[in-house]
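The structure appears right after this line, and notes come after that.
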Amino acid sequence: MRFLLLLPFALPAFSATPTYSKDVAPILFKHCAGCHRPNDIAPMSLLDYKATRPWAKSIRQAVLSRKMPPWFADPKFGHFSNDPSLTSKEIDAIKSWADAGAPEGNVADLPPAPKFIAGWQLGKPDVVVDIGEDHVITPGEDAYEHFTVETNFKQGMWIRAAEIQPGNRQVVHHVHVLLVQDDPKMMEVAGTTNSPTLAKYLLREGKLTRIRADAPIVNDACVANVPDLPYLKGFQEGALASFLPGRPPDVFPEGTAKWIPPAGKLEFVVHYARISGKPQTDRTSVGFYLAPGGKPEQVMHRMDLRNFFLSIPANEANHEVRRCYDFEADKLLLSFTPHMHYRAKDVTYELTRPNGKKEILLAVPRYDFNWQLVYRLAQPVLVEKGSRLKVTAHYDNSPNNKANPDPKLTIRWGDKSEEEMMTSWIEYLDAPAKRTALQK
Ligand code: HEC
């Protein structure tokens, strides 16, 4: 067959070998450079040919196995607007390019590289609040720090977006920013561990909180006679904004906003990863973006569903934990963020309508603690009062789980990554009487 290549009419096929400049760079710029750029979370930049060339084989492998870009939703259920998965055509182009020796091609074909704004991804915020100190992180242990700061806002504000900026990306693993409620009734619904009713089940060890070993155990909070323990029913009001590995800033859909009351306080909950070497400092901040026109058509909400009373036996490879939520009013669901730790294996969100019809809204068959992704529904899901959402998660506390820090321990709820959580954040709107632009 080789002689064919010498014939002129074979040339078009020959030139169809994908090149970096023409075929591969557009894919990498669009789907990879958001993380693969200097000073972001990925280990190498994929912004130019020179930097990309040595990685051609690993890139081939990472896209063929669908390890990159990271995405964990089972494609059988639901459609998500932020699904970054490559098409099979894009994967084929990268594969053929790598197999052909990763040619650069004609630089004239190269699209302009994406521009990243240093600092705020969403542009200059209207208001910035920081943790109020240059916080020193000492090597040796991971820590959850809580910083409460006065906003001194003269008037309340409706915000259309909030972006958290870690002060020091090498140490900040994740951050939540919450509104502090002084009213004890509000403390019950806001935040996690401030709640007076929950406090008696908790132990505080230095900067970390966990549930007491003798607290009641409830792995299945979906049974009819679920014990009367904090937050096994209903929901807690979610944070204003969160920063997590791989998660974009919180931008609320058009026509929606969140309210920050005047003279309120903000609580920053910052998880600092364990470091070695020298102490480091951090000054994390949050930027708020005002909603044009003030009061929105719809208030943006986040409900947090948790099961604090889980208990995962030592060596158990497939331990099930459940949490249910019964809708007390119509709601329009916008997104899901599952949050668990090292032993988590999978999680499924199943809705049962009042007429008994079941539907899976999201399934994550291989949960990975390193990625705390948000799954934004391409079409908001309208859920009627009387429906039930069932969250089912499995944990692998056996030695087969490579991420498992210690299979010999019984694991209960705790802040530390070595303990567990079962949390879901669900963004929603109160379903409006009239249909909005969000419900097409
Ligand atoms: C959301 C952020 C993010 C996006 C988007 C992303 N990556 Fe990554 N990538 C990472 C991080 C973080 C690592 C290192 C940790 C790891 O390997 O999981 C990584 C590791 C890699 C590796 C290292 C080899 C390996 O398999 O461990 C390759 C190759 C890679 N990415 C290619 C890509 C390509 C190609 C794309 C786009 C198609 C992409 N990545 C999109 C964050 C990202």
Side-chain angles (χ1 to χ4, degrees), residues 18-73 75 80-104 110-111 113-117 121-122 163-166 168-175 242-251 271 273-274 335-339 341-342 344 364 366-376 401-403 417:
T19 66
Y20 172 80
S21 302
K22 186 158 181 285
D23 308 278
V24 174
I27 304 172
L28 303 185
F29 290 176
K30 183 166 168 221
H31 296 282
C32 320
C35 300
H36 288 273
R37 61 187 163 113
N39 295 321
D40 211 285
I41 57 172
M44 72 286 192
S45 168
L46 295 178
L47 275 172
D48 59 58
Y49 181 68
K50 210 170 143 240
T52 305
R53 175 68 189 83
W55 290 95
K57 272 205 185 113
S58 342
I59 291 172
R60 177 190 187 278
Q61 175 58 26
V63 300
L64 272 176
S65 63
R66 293 197 177 267
K67 183 174 179 238
M68 289 285 151
W71 185 251
F72 301 91
F80 301 92
S81 58
N82 62 327
D83 182 348
S85 306
L86 302 187
T87 62
S88 39
K89 234 175 108 185
E90 289 169 322
I91 295 174
D92 283 349
I94 290 178
K95 179 180 176 294
S96 318
W97 167 72
D99 289 344
E104 181 171 18
L110 198 63
K115 292 233 180 341
F116 295 101
I117 313 153
Q121 288 181 49
L122 301 179
E163 177 173 342
I164 294 171
Q165 198 170 84
N168 182 343
R169 280 188 167 253
Q170 290 183 323
V171 288
V172 175
H173 182 265
H174 66 258
V175 183
S242 297
F243 167 86
L244 296 162
R247 184 187 172 96
D250 287 273
V251 180
H271 184 184
R274 185 180 304 141
S335 76
F336 297 93
T337 306
H339 175 75
H341 293 171
Y342 292 130
V364 175
R366 281 178 301 108
Y367 182 85
D368 182 338
F369 174 66
N370 293 314
W371 298 105
Q372 307 277 334
L373 302 187
V374 54
Y375 299 90
R376 297 192 195 283
N401 174 3
K402 276 190 251 136
S417 310

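Order of appearance sets the numbers: ligands from 1, and atoms from 1 within every ligand.
The proximity of Pro84 to ligand 1, defined as any non-hydrogen pair under 4.0 Å, does not occur for either the backbone or the side chain.
In the vicinity of His31, heavy-atom distances shorter than 4.0 Å reach the ligand 1 atoms 5 (C), 37 (C), 41 (C). Per-residue contacts place Pro43 under 4.0 angstrom from the following atoms of ligand 1 (heavy atoms of the residue considered): 11 (C), 13 (C), 14 (C), 19 (C). The ligand atoms of ligand 1 that sit less than 4.0 angstrom from a heavy atom of Lys67 are 16 (C), 17 (O), 18 (O), 25 (C), 26 (O), 27 (O). Residue contact check: Pro70 has heavy atoms under 4.0 Å from atoms 1 (C), 3 (C), 4 (C), 6 (C) of ligand 1. In summary, the atoms of ligand 1 found under 4.0 Å from a heavy atom of Ser58, numbered by their order in the structure, are 29 (C).
Taking CG of Asp83 as the reference point, atom CZ of Phe72 lies at 12.0 Å (rounded to 0.5 Å).
Within the 4.0 Å heavy-atom shell around ligand 1 one finds Met44. Heavy atoms of Gly34 come nearer than 4.0 angstrom to ligand 1 in no pair at all.
To the nearest 10 degrees, atom 8 (Fe) of ligand 1 sees NE2 of His36 and SD of Met68 at an angle of 170°.
Checked by atom type and distance alone, the side chain of His36 pairs as donor or acceptor with a backbone atom of Met44 at under 3.5 Å. Checked by atom type and distance alone, the side chain of Arg66 pairs as donor or acceptor with a backbone atom of Leu86 at under 3.5 Å. The backbone N or O of Val374 sits less than 3.5 Å from a side-chain atom of Asn82, completing a donor-acceptor pair. Ser96 contributes no side-chain N or O that, together with a main-chain N or O of Pro18, makes up a donor-acceptor pair within less than 3.5 Å.
Lys95 is linked by a salt bridge (Lys or Arg N to Asp or Glu O under 4.0 Å) to Asp99, counting only residues two or more places apart in sequence or in another chain.
A side-chain contact (heavy atoms from CB on, under 4.5 Å) with Val364 is found for one member of Tyr375, Trp371, Phe336, Trp71 and no other, namely Tyr375.
Here Cys35 does not reach atom 8 (Fe) of ligand 1: none of its N/O/S atoms is less than 2.8 Å from the metal.
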